[in-house]
Amino acid sequence: MEAVKNTRLFVPALPTLWPSMLLNRRQPSGFMPFAAPNVRWFYFARNAVWTTVKMLGLDKGEVLMPAYHHGVEVEAVADAGATPRFYRVGSRWDVDVEDVEKRIGPKTKALYLTHYAGFPGPVDDMRALADKHGLPLIEDCALSLLSADGSVPLGTTGDIGIHCLYKTLPLPHGGALTVNGPRQYSLPEPPAPPFSSTFSHTVSALLQNLELRGGSFGRGLRRFIRSLGKGAVKAADIERVATGTQHFNRQHVDLGMSPFAKRIAQAQDLESIVETRRRNYFFLLGRLRDVSPPLFNQLHPGVSPLFYPLVVEDKAEVLARLHSKGIEAIDFWKHFHPACDASAFPEVAQLRRSIVEIPCHQDLSPEVMAEVAAAVRGAVTVDRRNRKHAG
């Protein structure tokens with residue numbers, strides 16, 4: 001797949017589905033979770049979180065989780081019957097392992113580590129801590145598909161690895177639960193989701209690709225097709241299980257991953273995807289480090305960044321300016337889950353006020369990344385100027 005240069009800027013938050021991917025075939029991948037000997041495939045990664053709590057018998061106990069979280073994983077843990085408790089994360093997504101150990105108590109049944117946006121957390125230290133206290137370690141790699149800590153793939157050090165596929169790959173859905181180590185669990189294969197839902201998401205991803213490649217013509221055609229499609233979906237009463245939602249829904253917990261989505265995943269050139277994402281991240285780092293201090297000043301070997309975490313002072317202002325330029329930047333993890341006391345974690349509160357996702361995925365060429373960098377520089381510079389005048 002060749003990255004696209006567009007005459008009119010359109011930068012989707014996630015990679016799009018190229019028509020050729022529906023036909024491509026590749027050899028089995030060595031990346032996790034595709035190479036895992038014991039894996040179960042789900043519609044959502046959150047389904048894998050819920051299943052893990054049940055499978056490990058964590059219900060009625062406590063799971064130590066990071067205070068910096070999305071919230072849906074916390075909902076899945078709580079819905080499965082466990083009680084989430086929270087530990088400190090610092091201003092650079094750094095897990096405070098000492099704080100984790102201080103919070104381990106008689107009711108603690110597992111440790112939960114999240115790898116943020118492809119950047120490895122202290123998984124070896126957490127593994128040692130889990131072993132010291134006789135606890136299982138759950139690695140949440142929902143934001144870190146294809147990433148490794150050096151030569152060690154993320155999701156292989158913990159007892160359980162949780163993976164989300166559709167944030168990194170152009171799939172209609174997809175999550176995975178991998179079981180590591182000698183202990184085996186008998187898990188039934190989840191049933192396939194409704195074909196209508198898979199079809200609807202697939203068409204949406206193809207239409208985004210049309211806009212990415214077709215400029216203003218593609219944008220207009222996408223709007224036209226979407227207007228027709230919405231009417232058809234409503235008339236046919238098609239069940240569409242939305243991805244990217246903010247809350248856990250027990251009704252969808254048993255949904256598996258469709259064979260169609262697996263086939264698209266297996267058609268991807270994963271090595272090239274990692275290489276392109278790293279290239280695009282480095283490009284943004286070089287162009288933006290002087291206007292916004294980077295959260296990470298380098299990419300260690302093995303890291304496949306999900307996005308570029310931009311540190312800003314006024315999220316709303318910067319997001320509005322980027323959206324007006326055609327860049328689908330995202331307000332990253334704005335809210336605490338209600339179970340977590342925000343006042344107890346000031347560094348996390350500041351992170352929630354200041355991090356914007358800037359796309360750096362595999363669809364974006366160096367020429368497009370240059371336009372993205374220029375737009376981001378402009379948005380950050382204007383934001384600072386406005387705040388200075390207001391002060």
Side-chain angles (χ1 to χ4, degrees), residues 3 11 13-15 31-32 66 68 88-97 113-127 139-157 163 167-168 270-313 318 322 327 329-330 332-333 347-348 350-352 354-377 379-381 384:
V11 181
L14 301 177
F31 285 88
M32 293 293 289
Y68 196 38
R88 177 181 172 272
V89 177
S91 61
R92 295 187 177 274
W93 294 354
D94 48 315
V95 169
D96 187 339
V97 179
L113 174 66
T114 299
H115 299 292
Y116 301 112
F119 294 89
V123 66
D124 290 335
D125 291 340
M126 290 289 281
R127 174 76 273 173
E139 277 187 83
D140 187 332
C141 309
L143 303 183
S144 299
L145 188 73
L146 310 183
S147 256
D149 188 359
S151 61
V152 181
L154 298 187
T156 61
T157 303
H163 308 265
K167 290 182 174 68
T168 300
L270 301 183
E271 290 81 2
S272 175
I273 287 172
V274 173
E275 180 182 345
T276 302
R277 284 177 172 270
R278 288 177 62 88
R279 180 201 70 195
N280 290 345
Y281 182 95
F282 277 124
F283 189 96
L284 290 175
L285 179 64
R287 298 293 181 94
L288 301 177
R289 67 189 344 148
D290 63 320
V291 296
S292 176
L295 206 62
F296 296 98
N297 204 27
Q298 58 183 331
L299 285 182
H300 290 293
V303 173
S304 177
L306 183 64
F307 58 83
Y308 184 92
L310 180 72
V311 182
V312 302
E313 295 182 355
V318 171
L322 294 179
I327 300 170
I330 294 177
F332 183 63
W333 285 7
E347 295 108 330
V348 173
Q350 178 58 30
L351 283 169
R352 294 188 186 281
S354 62
I355 301 297
V356 171
E357 293 186 31
I358 305 299
C360 66
H361 56 73
Q362 59 267 26
D363 277 354
L364 307 177
S365 68
E367 293 84 0
V368 170
M369 293 310 302
E371 294 187 71
V372 171
V376 173
R377 285 184 66 90
V380 172
T381 302
R384 287 185 174 178

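Any value given below was found using the heavy atoms of this structure, including those in side chains, with hydrogens, waters and symmetry copies removed.
- Residues passing the side chain to side chain contact (heavy atoms under 4.5 Å, CB included) test with I330, sequence neighbours excluded: A13, E357.
- For D96, the salt bridge (Lys or Arg N to Asp or Glu O under 4.0 Å) partners two or more places apart in sequence, or in a different chain, are R88.
- Every salt bridge (Lys or Arg N to Asp or Glu O under 4.0 Å) that R377 has, sequence neighbours left out, goes to D290.
- E271 is linked by a side chain to side chain contact (heavy atoms under 4.5 Å, CB included) to F31, D269, counting only residues two or more places apart in sequence or in another chain.
- Judged by distance alone, the side chain of E347 and the main-chain N or O of S91 form no donor-acceptor pair under 3.5 Å.
- V318 places none of its side-chain heavy atoms less than 4.5 Å from the side chain of E313.
- If you take CG on L14 and CG on D363, they are separated by 10.0 Å, rounding to the nearest 0.5 Å.
- Residues passing the side chain to side chain donor-acceptor pair (under 3.5 Å) test with Q350 are R353, sequence neighbours excluded.
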Assess the residue pair F307 and F332 against the criterion (ring pair (Phe, Tyr, Trp, His ring centres under 6.0 Å)); give the C-alpha distance rounded to whole Å, side-chain angles, the decisive distance to 0.1 Å, and a yes or no.
CA-CA 10 Å; F307 58 83; F332 183 63; 5.1 Å; yes
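- In this structure, V372 and P359 have side chains that are not in contact, with every pair of non-hydrogen atoms separated by 4.5 Å or more.
- Contacts classified as side-chain hydrogen bond (donor to acceptor under 3.5 Å, both in side chains) and involving residues 118-127 (residues at least two apart or in different chains) are given here: R127-D131, R127-D159.
- Listed by chain and number, the residues in a side chain to side chain contact (heavy atoms under 4.5 Å, CB included) with P294 are L285, R289, N297, Y308 (sequence neighbours excluded).
- Listed by chain and number, the residues in a ring pair (Phe, Tyr, Trp, His ring centres under 6.0 Å) with F296 are W93, F119 (sequence neighbours excluded).
- Contacts of A148 classified as side chain to side chain contact (heavy atoms under 4.5 Å, CB included), with partners at least two apart in sequence or in another chain: none.
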